[in-house]
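To find a chain, count down the sequence lines: A is the first, B the second, and so on, and within it residues start at 1.
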Amino acid sequence: MKFVYFDYGGSHSSVLAANIHAGNLSKTKTPSLQELMEIPLFDKTIKEDFGKMQYIGVDELGNEIYLIGTKNSNFGSTIHDLAELLEVSSKYIFIGTMPYVNLILRIGGFLSRGLSKPSLGRPLVYKGAKAAYPGLVSLVERTKLQFI
Amino acid sequence: MNYLFAGKSGVFETIIAALVFLDRDKEIELELEKTSLFGDIEEDNKRELIFVDYDRQGNKVYTLGTPNYMLVNDISTELCRVAGLKHMKLQVIEINLKGMDITYYLSRLGKLPLIGSWFISLAKIWVIYRKDQIIKECKKMPHPKKRKSTPIAAKPIK
């Protein structure tokens, strides 16, 4: 089974959730700014990464974890339908992380990735990511309970 | 092979494009009345694939309205690649015509309470007014059946 976390940009909330699922980030401790910046895709994606599935790793049961930035905040139904039409839906579990994106993370993400001003956006991204972290941990936990 | 006509809205110009593909553009206004999907923004707002009809070979024809319609083909290709499929059973045709933005914004205003239906009627009138131009543009596009099927990129998964 392949777990695909998706959000608008594939830069923040989906990166966190996918890395929590793959065991690259702690479930109990919110990572520091340095730890976050060491994650390969966190706040680093570029325009060309939209629509590309990024491999993150495997979970403890060998399920593959991916993420994708869809350039759309409301893409859940569409991606399910596409997978259904392509006859690959049995291979995927799609998990949207947009509901966990708070205003601070949104603004920080826009400044850092949208306007290419990471020096302005990153402090906000970190603050927003810290606030969103517990919610993303529980999303991953719920996903695992439901599907594994 | 199934066909998906993707645009910003899935119930206006994309419906006409699908009907042109299905060779049902002779009496387009009559056809639009028959489909009941034309201008149905409730259907559009679900952000699901909208089934239009089968073509003569029994392939399914869909439309989709989504702001990221230019990425739909890339995402579909990626889903197939990671799933290990060699060929994609879906042809995505992006519909990007002059005047579509006006239709899109009118359809968004269609969400307003009380006066929304007025904007939907306006959007329909705007599309019907341009029907000949839309049909002409759609016929100019390479026919989906004559396009080469999208190859799945041979990139490693990991």
- Evaluate the criterion side-chain contact (heavy atoms from CB on, under 4.5 Å) for residue pair Phe75(A) and Ile75(B); output intermediate values, then yes/no. CA-CA 11 Å; Phe75(A) 204 63; Ile75(B) 293 170; 3.7 Å; yes
- Residues Leu4(B), Leu82(A); criterion side-chain contact (heavy atoms from CB on, under 4.5 Å); working and verdict: CA-CA 10 Å; Leu4(B) 173 62; Leu82(A) 281 174; 3.8 Å; yes
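A 6.0 Å sphere centred on NZ of Lys89(B) holds no more than 12 heavy atoms belonging to other residues, nucleotides or ligands. Heavy-atom neighbours of Tyr129(B) OH from other residues, nucleotides or ligands within 6.0 Å: at or below the threshold of 12. Counted within 6.0 Å of NZ on Lys144(A), heavy atoms from surrounding residues, nucleotides or ligands total more than 12; the atom is thus considered enclosed. Within 6.0 Å of CD in Glu60(A) there are more than 12 heavy atoms belonging to other residues, nucleotides or ligands. Around the NZ atom of Lys98(B), the shell of radius 6.0 Å holds no more than 12 heavy atoms that belong to other residues, nucleotides or ligands.
A donor-acceptor pair under 3.5 Å is formed between the side chain of Thr78(A) and the backbone N or O of Arg47(B).
When the side chains of ILVMFWY residues are joined at heavy-atom separations under 4.5 Å, either directly or via intervening members, Trp126(B) and Tyr105(B) end up in two distinct hydrophobic clusters. Hydrophobic clustering (side-chain heavy atoms under 4.5 Å, transitive across Ile, Leu, Val, Met, Phe, Trp, Tyr) keeps Met100(B) apart from Tyr69(B). Hydrophobic cluster membership differs between Ile128(B) and Leu122(B), with clusters built from Ile, Leu, Val, Met, Phe, Trp and Tyr side chains linked at under 4.5 angstrom. Under the 4.5 Å side-chain heavy-atom criterion for ILVMFWY residues, a single connected hydrophobic cluster contains both Val137(A) and Phe147(A). Under the 4.5 Å side-chain heavy-atom criterion for ILVMFWY residues, no single connected hydrophobic cluster contains both Leu109(B) and Val127(B).
Within the 4.5 Å cutoff, the side chain of Asn68(B) has no heavy atoms near those of the Phe50(A) side chain. In this structure the side chain of Leu79(B) never reaches within 4.5 angstrom of the side chain of Val4(A), judged on heavy atoms.
Taking CG of Leu86(A) as the start and CD of Glu78(B) as the end, the distance is 12.0 Å to the nearest 0.5 Å.
Contact of Leu49(B) with chain A is made through backbone and side chain together, with heavy-atom distances under 4.5 Å. With a 4.5 Å cut-off on non-hydrogen atoms, Ile68(A) touches chain B through its side chain but not through its backbone. Contacts of Leu71(B) with chain A are made by side-chain atoms alone, with heavy-atom separations under 4.5 Å and no backbone atom involved.
Shown here for Lys2(A) and Ala83(B), the closest heavy-atom pair between the two residues is CE-CA, 4.2 Å.
Contacts of residues 87-112 of chain A with chain B at a heavy-atom distance below 4.5 Å involve Glu87(A), Val88(A), Lys91(A), Tyr92(A), Phe94(A), listed in sequence order.
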